[in-house]
Amino acid sequence: MGPRMVIAMSGGVDSSVVAALMVKAGWDAVGVTLQLRSCDDRMASRSCCSADGITQARAVAGALGIPHYVLDCRETFLDRVMRPAWAEYEQGRTPSPCLHCNREMKFGYLGEYAERIGAERIATGHYARVLRVGDDVHLLRGVDRAKDQSYFLSDLSPEQVARLELPLGALTKPEVRALARDLGLVTAERHESQDICLAMEGLGFPESLRQRFDKDTRPGNFVDTTGKVLGPHEGFHRYTIGQRRGLGIALGARAYVIGLRAEDAAVILSTEEADLHSSGLRASGLHWYTAPPQRCEAQIRSRHPGAPARLEFQGDGTVLVHFDTPQSAVTPGQAVAFYDGERLIGGGWIDAAI
RNA sequence: UGGGGAGUCGCCAAGUGGUAAGGCAGCAGGUUUUGAUCCUGCCAUACGAGGGUUCGAAUCCUUCCUCCCCAA
C-alpha cells in the first residue's frame, strides 16, 4: 500500500468519488468526516455536516474498504468560523465563511489530524487543480470554469497547499456523477448541498448567526448618498454591498446598498448602479504562492470572473489593487484572489473600495 | 368650513365612456460551497364611500368622507 492520505468525506457525490479514485490510485486512504454542527441545530438533513452526511460517508468508506472517522469539531467551527463571521457583520463587513472554513477546518483542523496520523496528503472534492512541478505546487482553476472553486482555497497557506490533492479539478460535474455511477457508489444520485452547513432552516446566514449568538438586531436607518434618512431598516447585519432585494423599501427605482456605516448602523442606498463601481480596492492579510506580481487578475467574489489589475504594494503590508476597468460591489470582508491565467498565485482580504 | 387641488395594489403611477399599463417593494422558484448579484414566474373582479346617467364608467353627474395648498 502507498503512502497515507486523508480524504475529507462529506457524504456527497464529489468526495465519495475522490475517495474511490484515491483508493484505486493505491493510496493508504483514511476517510474523515468533520462534524461541524450539532444535529439539533435546526439544520437541513441534506447538510454536508449532518448525521445523514456522516452515514453516507461511512457507507462509502465501508464499501471501499477504508477506515472512516468522524471528528467532532463543533466547538472549533463555532470559534474559528461562526464567531468571527458575526464579528465581521458587526463591523459592517461581509464575511466569507467558506474560505475561513477551508483554512481553519478542512485544511487546518483536519490538517493537524492528518499530520498526527502520518498522512502526506489531504484530498477533497473541490473543483480546482493541483499541479506539481518538481518541488513546486501550482494551484489552478478547475477545468470546468463554471464550477471552479479555487477562489474558496485562496486563503490557504502555502504549507496547506503543498499537501493538497484535488482529483476532481480536471472533471466536470456530469463526469463526476457518471464516475460515481460507474463505481457503484451509493451517493451517486445525491443532490447538491448548498449553503446549509452555515444557515439555520429558512433563516439565511446573517440572521442565523445573530440568533445563534443571541445578539441584538442593531436597528438603524437607510440613508441616501447625501445623508438624508430614507427610513428604518431591519438590522444592520442583514445588508451587504450590492444588495438590492430584501430591502423592504420602495424608492421608485431599484435601490442598491452601496455602503455600510458601523458607527451608527446606517445602510447607504443609491438608485444609481454606477455608485456601486469602484476603480480598485485595498487589501490586507496577503499571502503569495509565487513572487508578488505587478499585474494579475483579481477575483473579488465567488462567481466574479476576475478583473485585470495593477498592484501597488504599500509599506504597511497592504496592497492597492487598481482595476483596469471599474468593478461592481467591492465588499470589505470578502476575499480577493489573485490569478495569473489559470494559476492561483495569492490571496488577501478586502478592507475597502477605493 | 371662503377659494383651489387630489383621492387607482404596501409605495409611486398610467388610464378622461368600452371592460384596470408599468416601476419599486413583496412572494415563489432557478443559478450559487459565503453574503450578494443575476434569471424566471406570481402579485388590484378592483379604481375613497353611497346614489345616479348609460348597452357599458376608474373615467360623466351628484352627495358624503379624507387629505393637501392658498386665504383667514
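The chains referred to below are lettered A, B, ... by the order of the sequence lines, with proteins before strands, and numbering in each begins at 1.
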[M] and [N], which share atom name [atom1], separated by this distance in whole Å:
{"N": "G51(B)", "M": "C43(B)", "atom1": "C1'", "answer": "33 Å"}
{"N": "A36(B)", "M": "C69(B)", "atom1": "C1'", "answer": "44 Å"}
{"N": "G35(B)", "M": "G30(B)", "atom1": "P", "answer": "15 Å"}
{"N": "C9(B)", "M": "U45(B)", "atom1": "C1'", "answer": "13 Å"}
{"N": "U8(B)", "M": "C68(B)", "atom1": "P", "answer": "15 Å"}
{"N": "U63(B)", "M": "G56(B)", "atom1": "P", "answer": "23 Å"}
{"N": "C64(B)", "M": "G7(B)", "atom1": "C1'", "answer": "14 Å"}
{"N": "C67(B)", "M": "G41(B)", "atom1": "C1'", "answer": "37 Å"}

N/O (side chain, K106(A)) to phosphate O (OP1/OP2, U33(B)) under 4.0 Å: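 So the side-chain polar atoms of K106(A) never come under 4.0 Å of the phosphate oxygens OP1 or OP2 of U33(B).
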Within the pair Y151(A) and G35(B), is there a side-chain N or O less than 4.0 Å away from OP1 or OP2? no
Integer-rounded Å distance: [N] [atom2] and [X] [atom1]:
{"X": "Q334(A)", "N": "G35(B)", "atom1": "CD", "atom2": "P", "answer": "9 Å"}
{"X": "L269(A)", "N": "C24(B)", "atom1": "CG", "atom2": "C1'", "answer": "12 Å"}
{"X": "L260(A)", "N": "G35(B)", "atom1": "CG", "atom2": "P", "answer": "16 Å"}
{"X": "Q327(A)", "N": "U37(B)", "atom1": "CD", "atom2": "C1'", "answer": "13 Å"}
{"X": "R103(A)", "N": "U33(B)", "atom1": "CZ", "atom2": "C1'", "answer": "17 Å"}
{"X": "W86(A)", "N": "U34(B)", "atom1": "CH2", "atom2": "C1'", "answer": "16 Å"}
{"X": "W349(A)", "N": "G35(B)", "atom1": "CH2", "atom2": "P", "answer": "14 Å"}
{"X": "H100(A)", "N": "U34(B)", "atom1": "NE2", "atom2": "P", "answer": "15 Å"}

Need one value for T331(A): base, sugar-phosphate or nothing, where a base atom within 4.0 Å counts as base even if backbone is also close, heavy atoms only. base
Reckon A253(A) touches a base, only the sugar-phosphate, or nothing at all at heavy-atom distances under 4.0 Å? sugar-phosphate
For E273(A) and for G125(A), find the nucleotide of RNA chain B with the closest heavy atom, then tell me which residue's nucleotide is more 5'.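 The answer here is G125(A).
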Testing L166(A), V161(A), L99(A) one by one against L153(A) for a side chain to side chain contact (heavy atoms under 4.5 Å, CB included), which residue passes? L166(A)
L34(A): which of V70(A), L71(A), D72(A) passes side chain to side chain contact (heavy atoms under 4.5 Å, CB included):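 Only one of V70(A), L71(A), D72(A) forms a side chain to side chain contact (heavy atoms under 4.5 Å, CB included) with L34(A), namely L71(A).
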Any chance the rings of F77(A) and Y109(A) have centres within less than 6.0 Å?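 No - the distance between ring centres of F77(A) and Y109(A) does not fall below the 6.0 Å cut-off.
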Please check if the distance between the ring centroids of F152(A) and H126(A) is under 6.0 Å.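 No.
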For H237(A), is there any backbone N or O sitting under 3.5 Å from a side-chain donor or acceptor partner on R210(A)?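 Pair absent, no side-chain N/O of R210(A) close to backbone of H237(A).
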Stepwise side chain to side chain contact (heavy atoms under 4.5 Å, CB included) check, Q334(A) with V336(A): CA-CA 7 Å; Q334(A) 295 288 292; V336(A) 53; over 6 Å; no
Identify whether the glycosidic angle of U33(B) places it syn (within 90° of 0) or anti.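 Syn conformation for U33(B).
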Which of the following nucleotides, U33(B), C24(B), G35(B), is nearest to the side chain of R254(A)? C24(B)
For [X] and [Y], which heavy atoms make the closest approach, and how far apart are they?
{"X": "P84(A)", "Y": "L78(A)", "value": "CD-O, 4.2 Å"}
{"X": "T318(A)", "Y": "S284(A)", "value": "CG2-CB, 3.9 Å"}
{"X": "A188(A)", "Y": "R177(A)", "value": "O-NH1, 2.7 Å"}

Applying the Watson-Crick and G-U criteria (both distances under 3.5 angstrom) with [ ] for crossing and | for other-strand pairs, one obtains for RNA chain B .(((((((.[[[..)..(...]]].(((((.......))))).....[[[[[..)....]]]]]))))))..
What about H126(A), does its side chain sit under 3.5 Å from the base of U33(B) through a donor-acceptor pair? yes
Examine the base of U32(B) for any acceptor or donor lying under 3.5 Å from a partner atom in the side chain of S302(A), and report the outcome as yes or no. no
Decide yes or no for H138(A) and Y289(A): does some side-chain heavy atom of the first lie under 4.5 Å from some side-chain heavy atom of the second?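 No, too far: nothing below the 4.5 Å cut-off.
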Where along residues 88-98 of chain A does a heavy atom fall under 4.0 Å from RNA chain B? Y89(A), T94(A), P95(A), S96(A), P97(A), C98(A)
So which of residues 229-246 of chain A are in contact with RNA chain B, with a heavy-atom cut-off of under 4.0 Å? T240(A), I241(A), G242(A), Q243(A), R244(A), R245(A), G246(A)
For D216(A), look at atom CG and say whether over 12 heavy atoms of other residues, nucleotides or ligands are found less than 6.0 Å away. no
Around Q294(A), counting heavy atoms of other residues, nucleotides and ligands shown, do more than 12 lie under 6.0 Å from its CD?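 Counting other residues, nucleotides and ligands, CD of Q294(A) stays at 12 neighbours or fewer.
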Assign the ring pair H233(A) / Y239(A) to parallel, tilted or perpendicular, where the plane angle (0 to 90°) is split at 30° and 60°. tilted
Please test E273(A) against R254(A) for salt bridge (charged side-chain N to carboxylate O under 4.0 Å, His left out), starting from the C-alpha separation and ending with a verdict. CA-CA 9 Å; E273(A) 206 174 338; R254(A) 288 182 172 183; over 6 Å; no
